[in-house]
2 protein chains.
Amino acid sequence: MTRRSYDQYCGLAGALDLVGERWTLLIVRELMTGPKRYTDLADALRGIGTSLLAQRLAKLEADGILVRGRMAAPAASMVYKLTETGEELGRALMPLVLWGLRHAVPEEPAEGVQVRAEWSLLAFTHSADPATLAGIEATFEFVVDGTSAMLRIEGGRASVVQADGSTEPDATIRIKASTVAAVGSGRMSVIEATAAGRVEIEGDPEAVEALIVAFGSTL
Amino acid sequence: MTRRSYDQYCGLAGALDLVGERWTLLIVRELMTGPKRYTDLADALRGIGTSLLAQRLAKLEADGILVRGRMAAPAASMVYKLTETGEELGRALMPLVLWGLRHAVPEEPAEGVQVRAEWSLLAFTHSADPATLAGIEATFEFVVDGTSAMLRIEGGRASVVQADGSTEPDATIRIKASTVAAVGSGRMSVIEATAAGRVEIEGDPEAVEALIVAFGSTL
DNA sequence: CGGAATCCTCTTCGATACTG
DNA sequence: CAGTATCGAAGAGGATTCCG
């Protein structure tokens, strides 16, 4: 294991020495939406190859970016979860996510490209003003191209969580990945998307109204 | 050229498809401090290999992140410079730079590790409050472990520029790379570093005072 | 079934040498 | 100065196998 390094005394070079290798930042992205098992990761990161995933996880653990833990009682299996350092890295990646959305992601997902609601929603966790979010406490289920994820707003912060059957959302929103991308990248406002009938809403109208206000004001 | 892609409809994955390969973000970092020639880049990016550098530059140009241009009259040579998209990418990288400084860069540069004043100063361009910077218009030369770069403050923004002989700084500051890193990462305040005699200052005391206030208040 | 190690092939990287 | 050509070494991807 000849740890390849840029050998530069620089924050960016140091960061890339730790997390610049192929797949590594995508593993971090997966864990930004909550702890995951090995197979959850392998499933989301199509093409990674089981061996490389194990290697990356071991290195991330050694570098203090994630920890390995055991799940609660019944499903006594291993989970990977970000440390505080890892969470901080996740927050530092958000501007890059938005840049990618504006400049690297096509309007429509190409044939054969993987789509996940979790990834689409990532753009929203840092693009609303905390002051506007304060006061809202609600959970929204987004169904994006057949996949589903929850956007949880609480304590002035929005976060993406995995859609497990256990939590009941206040509202369910059906929307195409391309519409989420258009809104997240600033090409279209929430208001415009709604007006254009590109958003299908079901559930508590009051919660939805708050959501639109929160994100409509910044997007 | 079998463009390897993650094939995921996600801002981060898209960004990494464009700029996630080895050396690519470091090339962007180099250009964040102004246009550079091929040999300037090859010199700063020790170990890259001339062939790979050429390949990366061609791809970055094709993707609209940089443009190739010709320098002014006498030195009729080629320069590479960021497009607006590239500049935006540079700004999106700043949180990652700071994360790296806090979690990936050792207190002291290890033996054989490259040190450049430009890299050290990068941490400061986004860590002062614009309101505090407003009103300052000055140029500071930092001499860091034998290398030199300018921090230019103007219009409420701080930026790193290359130290060419042509501009005369208002003050010159001699400081070790490890001290810059300690301050940039928040482990030490500007005030502490100055009090500890780790900063050697020469030049206009008024400008230096303003600098310390601007960065002392946030760090 | 979750969590890997092994093996093999292919791609990418790094270094040196060479050219307009 | 600004690259191209080449080649051995390292890394990635896919399939298969193994273990608890």
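Atoms considered below: every heavy atom in the structure, side chains included; atoms not considered: hydrogens, waters and symmetry mates. A note on names: the letters A, B, ... follow the listed sequences, proteins ahead of strands, and every chain is numbered from 1. Not measured: the values here are computed from a predicted model.
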With the side chain defined as heavy atoms from C-beta on, B/A54 is closest, among D/dA12, D/dT4, C/dT6, to D/dT4
Whole-Å distance between C/dT6 P and A/Q55 CD?
-> 12 Å
Could you state the CD1-P distance from B/I27 to D/dA2, rounded to the nearest angstrom?
-> 14 Å
A/E21/A/R4 ion pair, N-O < 4.0 Å | no
To the nearest Å, how far apart are B/E61 CD and D/dG3 P?
-> 9 Å
Find the bend of the helix from C/dC1-D/dG20 to C/dG20-D/dC1 as the angle between its two terminal axes (five pairs each), to the nearest 10°.
-> 30°
Pairwise side-chain contact, A/V208 with A/D204, heavy-atom cut-off 4.5 Å (strictly under) = no
Salt-bridge contact B/E84-B/R91 (side-chain N to carboxylate O under 4.0 Å) = yes
Answer yes or no for B/R22 and A/Y6: cation-pi contact, defined as NZ/CZ to six-membered ring centre under 6.0 Å and angle to ring axis within 45°.
-> yes
Examine C/dG14: is either OP1 or OP2 under 4.0 Å from a nitrogen or oxygen in the side chain of B/W23? Give yes or no.
-> yes
Please state whether the phosphate of C/dA4, meaning OP1 or OP2, lies under 4.0 angstrom from any side-chain nitrogen or oxygen of A/Y80.
-> yes
What is the distance, rounded to the nearest whole Å, between atom CZ of B/R22 and atom C1' of D/dA12?
-> 14 Å
Spacing between B/L52 atom CG and D/dA5 atom C1', to the nearest angstrom | 14 Å
Give the nucleotide from the list D/dT6, D/dG3, C/dG14 with an atom nearest to the side chain of A/R4.
-> C/dG14
Return the set of residues passing side-chain hydrogen bond (donor to acceptor under 3.5 Å, both in side chains) with A/T33 (not counting sequence neighbours), or none when no residue passes.
-> A/K36, A/E118
When rounded to whole Å, the CG to C1' distance for the pair B/L53 and D/dA5 reads 16 Å
Do A/I27 and A/E30 come within less than 4.5 Å of each other through their side chains, counting heavy atoms only?
-> no
Check whether any side-chain heavy atom of B/V180 lies under 4.5 Å from a side-chain heavy atom of B/F124, and answer yes or no.
-> yes
From CZ of A/R56 across to C1' of D/dA12 the rounded distance in Å is 8 Å
On DNA chain D, nearest-nucleotide positions of B/R68 versus A/E21: which is more 5'?
-> B/R68
Does B/Y38 make a side-chain N or O approach to OP1 or OP2 of D/dT4 shorter than 4.0 Å?
-> no
base_contact_polar (D/dT4 base, B/T50 side chain, donor-acceptor, <3.5 Å) | yes
Between atom CG in A/D17 and atom P in D/dG11, what is the gap in whole Å?
-> 13 Å
Determine the contact category for A/T39: base if any of its heavy atoms lies under 4.0 Å from a base atom, sugar-phosphate if only primed atoms, P, OP1 or OP2 are that close, otherwise nothing.
-> sugar-phosphate
Pick base, sugar-phosphate or nothing for A/R46, based on heavy-atom distances below 4.0 Å to the nucleic acid.
-> nothing
